[in-house]
2 protein chains.
Amino acid sequence: MATTVEYRQMLRGAALRVTRPRVAVLGAVHAHPHADTDSIISAVRRDVPKVSHQAVYDSLRALTDAGLVRRIQPAGSVARYEARVGDNHHHIVCRSCGAIADADCAAGEAPCMTASDDSGFAIDEAEVIYWGLCPACSTVPTSPSANLAQPWREHHV
Amino acid sequence: MATTVEYRQMLRGAALRVTRPRVAVLGAVHAHPHADTDSIISAVRRDVPKVSHQAVYDSLRALTDAGLVRRIQPAGSVARYEARVGDNHHHIVCRSCGAIADADCAAGEAPCMTASDDSGFAIDEAEVIYWGLCPACSTVPTSPSANLAQPWREHHV
DNA sequence: TGCAAACACTTGACTCGTTCAAGAAAACGA
DNA sequence: TCGTTTTCTTGAACGAGTCAAGTGTTTGCA
């Protein structure tokens, strides 16, 4: 967990203007890994009550483009953000409740980076998503498809 | 490329009722790999001019649930469908134009199936998406982010 | 410190893929 | 062929995300 001062430095270091919404968004993403935009908006408004949703969308885009946060979006989910960047780690997603956990790939540094046939593409990233059931959902005998594609919120906290 | 008769048998084999929309949707997915729903609707209407979009959505869901087609959805894209199922192959997506190509994973049969730390999840699938530039986009010096997240259509055909 | 230019934020409307719901039509086992 | 069940049609609705115009902040520089 970083301090406000550090967030400001991170913004400066990325050649981004330092504004209250951006500092708050950066803090929210650090505090709530894998949170969706709506959760981030709520978190930001605890700091800056009157921010518009647009400001949060804009900030998230700026931070993502600058590489300060990473955007992930498993199929059927809305966009989610995390502050752990630069290590090309992967994610495990629960098919039932949507919980997300981090995973370092078994293959090591640059996992699965080379496809056996790249069809002439210049590949720069390999994104891996493991699908399954989280500990809670794999024990509880609920219909696995029941709450699929629900607006998952903060399940992982 | 299969025949109408074969599509009907595939539906029967999956315990699905055989209807004109479903046969046409199954045919369209076979004919246009990685097509989005809108493209599939257009293709289906060449066969069955008056199908509703809802019928196509319903058919695609039924076919997906039955395992006759596979749904993929790279981040920032709408849902896409393909008929190549059961072999756990992966995809290469162009960041610029959205073209999609198939890729057998370098790791072989069940690629990257085991995360180094599964956080207690019961993993049943590893989905890999390679991101990069397709042959056309990597030679043409256009802004790579220009048409990102566009409604890509039939680029791959 | 003050100014100007560039950039970010607010507000509110809007897009578009997808889903919901009610009734009509079609498929299929008996 | 009949009746039940499932699917299709029609039309409205939802929601994440974007667009656009105008106002407010930030920051480099005098």
Taking the inter-plane angle between the rings of A:His30 and A:Tyr7 on a 0 to 90° scale, is it parallel (under 30°), tilted (30 to 60°) or perpendicular (over 60°)?
tilted
Can you tell me which nucleotide in D:dT10, C:dT18, D:dG17 comes closest to the side chain of B:Ser52?
D:dT10
Let me know the distance between CG of A:Asp58 and C1' of D:dT25, rounded to the nearest Å.
14 Å
Heavy-atom closest pair (A:Val93 atom, A:Gly98 atom, distance to 0.1 Å) is CG1-O, 4.3 Å
In this structure, how many angstroms lie between the P atom of D:dC14 and the CG atom of A:Asp38, rounded?
16 Å
Regarding B:Ala62, tell me which of base, sugar-phosphate or nothing describes its non-hydrogen contacts under 4.0 Å with the strands shown.
nothing
Check this for me, if you would: do B:Arg84 and B:Asp104 make a salt bridge, where the nitrogen-to-carboxylate-oxygen distance has to be below 4.0 angstrom?
yes
Residue whose nearest DNA chain D nucleotide is more 5′ - B:Leu16 or A:Arg71
B:Leu16
Interatomic distance where CG belongs to A:Asp36 and P belongs to D:dA16 [whole Å]:
8 Å
Hey, does B:Arg20 reach any base, or is it just sugar-phosphate, or nothing, if we go heavy atoms under 4.0 Å?
nothing
Roughly, in whole Å, what's the span from CZ in B:Arg17 to P in D:dT7?
6 Å
note: B:Arg61, atom CZ; D:dC8, atom P; distance rounded to Å ~ 14 Å
